[in-house]
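Just so you know, these numbers use all the heavy atoms, side chains as well, and skip hydrogens, waters and symmetry mates. Note that this is a predicted model, so its numbers are computed, not measured. Heads up: numbering here begins at 1 and tracks the sequence.
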Amino acid sequence: IERPKVLYNEKTNRFVMWMHYENGRDYSCARAAIATCDTPDGDFVYNGSFNPFGCMSRDCTLFKDHDGTAYFISAARENADTHVYRLTEDYLNVEELVNRLWQGEYREAASVMRRDDGKYFMFSSYCTGWAPNQGKYGYADSIEGRWSLLSEIGDETTFNSQPAFILPVKKDNKTVYVYVGDRWGGKEYFKSTYIFLEIKFDDNDMPYIEWIDEFKFDHM
């Protein structure tokens with residue numbers, strides 16, 4: 001199991017986990033898997049795995065829009081493409097494949113955020129195994145709309161990290177967005193760690209991240 005993500009569904013009062021499933025022997029399954037629970041810290045019930053509309057599904061994330069619509073985003077076609085699926089109202093299945101993004105770009109570790117002004121940003125990494133690389137982002141006016149080409153963010157290794165998720169934090173009547181990045185320990189997986197950096201925006205409202213040695217929410 002890789003990259004599990006969980007959303008709460010207000011209509012069913014259940015927590016729904018989506019994840020990338022492999023068989024533990026090779027990397028040939030490329031399936032999405034689902035589990036559910038009544039609490040975020042309880043025993044999740046496994047609902048099985050599948051290939052969405054017959055497509056491969058590897059690195060993945062979930063995103064819940066401001067209107068409650070949920071999306072499953074995953075790497076497809078041997079990681080060459082990024083697929084965006086709108087989920088059913090109960091979050092237990094894919095309803096429609098609404099976007100095929102950056103075909104042939106081989107992106108993984110996607111993370112999505114929506115600014116208060118309505119602009120959407122998706123951060124991702126290139127496929128280089130355990131080794132970090134230059135992070136990139138694209139933006140759009142809607143999840144299901146037309147997305148921009150990719151632009152670089154961070155340094156040539158994204159500060160030795162790969163996107164895990166974007167954490168929105170409410171502060172002084174505004175939202176601050178925190179980049180949470182995985183620092184993988186390939187040889188000693190259990191020693192993998194995280195980095196936390198504030199996502200800032202330039203005069204053109206485009207995102208950037210800068211390295212700081214110590215992160216504190218009080219300093220944002």
Side-chain angles (χ1 to χ4, degrees), residues 1-8 15-20 32 35 40-41 44 58-66 70-75 79 82 84 101-102 107-116 119-140 143 147 150-172 174-186 188-202 205-220:
I1 295 299
E2 296 181 346
R3 299 196 182 278
K5 299 292 191 298
V6 178
L7 288 180
Y8 177 66
F15 292 85
V16 183
M17 177 187 296
W18 284 68
M19 61 205 112
H20 169 204
D41 57 351
F44 277 76
R58 286 185 173 151
D59 267 18
C60 60
T61 193
L62 290 173
F63 177 73
K64 186 176 182 178
D65 214 343
H66 65 290
Y71 297 89
F72 176 67
I73 300 160
S74 69
N79 291 7
T82 300
V84 181
L101 302 178
W102 307 305
R107 310 306 299 173
E108 62 181 11
S111 297
V112 184
M113 57 165 279
R114 178 185 183 271
R115 289 194 78 188
D116 291 339
K119 185 77 74 176
Y120 296 80
F121 295 88
M122 188 183 306
F123 303 82
S124 61
S125 176
Y126 187 60
C127 298
T128 52
W130 296 111
N133 57 72
Q134 174 73 66
K136 293 185 178 182
Y137 72 90
Y139 58 91
I143 289 289
W147 284 76
L150 293 168
S151 300
E152 295 180 351
I153 191 166
D155 66 3
E156 64 274 8
T157 64
T158 321
F159 306 115
N160 192 27
S161 77
Q162 190 178 53
F165 60 92
I166 308 301
L167 178 66
V169 179
K170 292 291 185 181
K171 183 178 176 63
D172 299 330
K174 70 174 184 177
T175 306
V176 177
Y177 302 91
V178 180
Y179 168 86
V180 183
D182 291 301
R183 279 191 167 174
W184 297 114
E188 296 180 295
Y189 190 77
F190 59 92
K191 290 186 177 180
S192 300
T193 58
Y194 295 99
I195 66 169
F196 297 80
L197 297 171
E198 182 181 352
I199 299 173
K200 300 179 180 180
F201 293 86
D202 61 21
D205 288 329
M206 291 295 105
Y208 66 96
I209 53 177
E210 298 175 313
W211 179 254
I212 54 174
D213 292 327
E214 185 178 27
F215 179 92
K216 293 184 177 181
F217 284 100
D218 291 342
H219 294 167
M220 291 191 303

Exercise for the section: Would you check if the side chain of K174 reaches a backbone N or O of D116 as a donor-acceptor pair within less than 3.5 Å? Expected result: no

Exercise for the section: Applying side-chain contact (heavy atoms from CB on, under 4.5 Å) between R107 and each of N79, L101, L150, report the one that passes. Expected result: L150

Problem - Polar contact flag, side-chain donor to acceptor under 3.5 angstrom, Y179-S161 - result: yes

Handout entry: pair D65-I143: side-chain heavy atoms closer than 4.5 Å
Key = yes

Practice task
Check whether any side-chain heavy atom of M17 lies under 4.5 Å from a side-chain heavy atom of P4, and answer yes or no.
Solution key: yes

Practice task
To the nearest 0.5 Å, tell me how far D155 CG sits from N160 CG.
Solution key: 8.5 Å

Practice task
Name the orientation class of the two ring planes belonging to Y189 and W184 (parallel below 30°, tilted from 30 to 60°, perpendicular beyond 60°).
Solution key: parallel

Exercise for the section: Decide yes or no for E210 and I199: does some side-chain heavy atom of the first lie under 4.5 Å from some side-chain heavy atom of the second? Expected result: no

Practice task
May I ask you to check whether over 12 heavy atoms, not counting those of Y194, lie within 6.0 Å of atom OH?
Solution key: no

Exercise for the section: Please tell me if the side chains of M19 and E2 come closer than 4.5 Å, counting only heavy atoms from C-beta onward. Expected result: no

Handout entry: side chain to side chain contact (heavy atoms under 4.5 Å, CB included) involving S74 - partner list, sequence neighbours excluded
Key = S57, C60, F72, Y85

Fill in the blank from the handout: Residue set satisfying ring-ring contact (aromatic ring centres under 6.0 Å, His included) with F121, at least two apart, ordered chain then number -> F201

Practice task
Check whether any side-chain heavy atom of F165 sits under 4.5 Å from a side-chain heavy atom of F63, and report yes or no.
Solution key: no

Practice task
Please round to the nearest 0.5 Å and tell me the distance separating atom NZ of K64 and atom OH of Y71.
Solution key: 13.0 Å

Practice task
Classify the side-chain pair T61/K5 by whether it contains a donor and acceptor separated by less than 3.5 Å.
Solution key: no

Problem - For the student: nearest non-hydrogen atoms of T175 and P168, plus distance - result: CG2-CB, 3.9 Å

Problem - Pair Y120 + W147: ring centers closer than 6.0 Å - result: no

Problem - Trace of the side chain to side chain donor-acceptor pair (under 3.5 Å) decision for S192 with D182 - result: CA-CA 7 Å; S192 300; D182 291 301; over 6 Å; no

Practice task
For F159, check ring-ring contact (aromatic ring centres under 6.0 Å, His included) against everything at least two apart and list the hits.
Solution key: W211

Problem - L62 vs V112, side-chain contact (heavy atoms from CB on, under 4.5 Å): CA-CA, chis, key distance, verdict - result: CA-CA 8 Å; L62 290 173; V112 184; over 6 Å; no

Handout entry: Check: Y137 and P207 side chains under 4.5 Å, non-hydrogen atoms
Key = yes

Handout entry: Side-chain touch V178/V169, heavy atoms, less than 4.5 angstrom
Key = yes

Problem - V180 side chain reached by I166 side chain, heavy atoms, under 4.5 Å - result: no

Exercise for the section: Using modelled atom types only, decide if a donor and an acceptor are shared between the side chain of Q134 and the backbone of I153 within a distance under 3.5 Å. Expected result: yes

Fill in the blank from the handout: The reported gap from OG1 in T157 to CG in N133 (rounded to nearest 0.5 angstrom) is 8.5 Å

Exercise for the section: For Q162 and R183, run side-chain contact (heavy atoms from CB on, under 4.5 Å): C-alpha distance rounded to whole Å, both residues' side-chain angles, the deciding distance at 0.1 Å, then the answer. Expected result: CA-CA 7 Å; Q162 190 178 53; R183 279 191 167 174; over 6 Å; no

Problem - side-chain contact (heavy atoms from CB on, under 4.5 Å) evaluation trace for K119 with R114 - result: CA-CA 6 Å; K119 185 77 74 176; R114 178 185 183 271; over 6 Å; no

Exercise for the section: Could you grab the distance from atom CE of M113 to atom CE of M122, nearest 0.5 Å is fine? Expected result: 12.0 Å

Practice task
Can you measure from OG (S124) to NZ (K136) and round to the nearest 0.5 angstrom?
Solution key: 8.5 Å

Problem - Short side-chain to backbone donor-acceptor contact, D59 and A109, under 3.5 Å - result: yes

Practice task
For T82 and A75, indicate whether the former's side chain and the latter's backbone hold a donor-acceptor pair under 3.5 Å.
Solution key: no

Completion exercise
So CG of D41 and CZ of F15: to nearest 0.5 Å the spacing works out to 8.5 Å

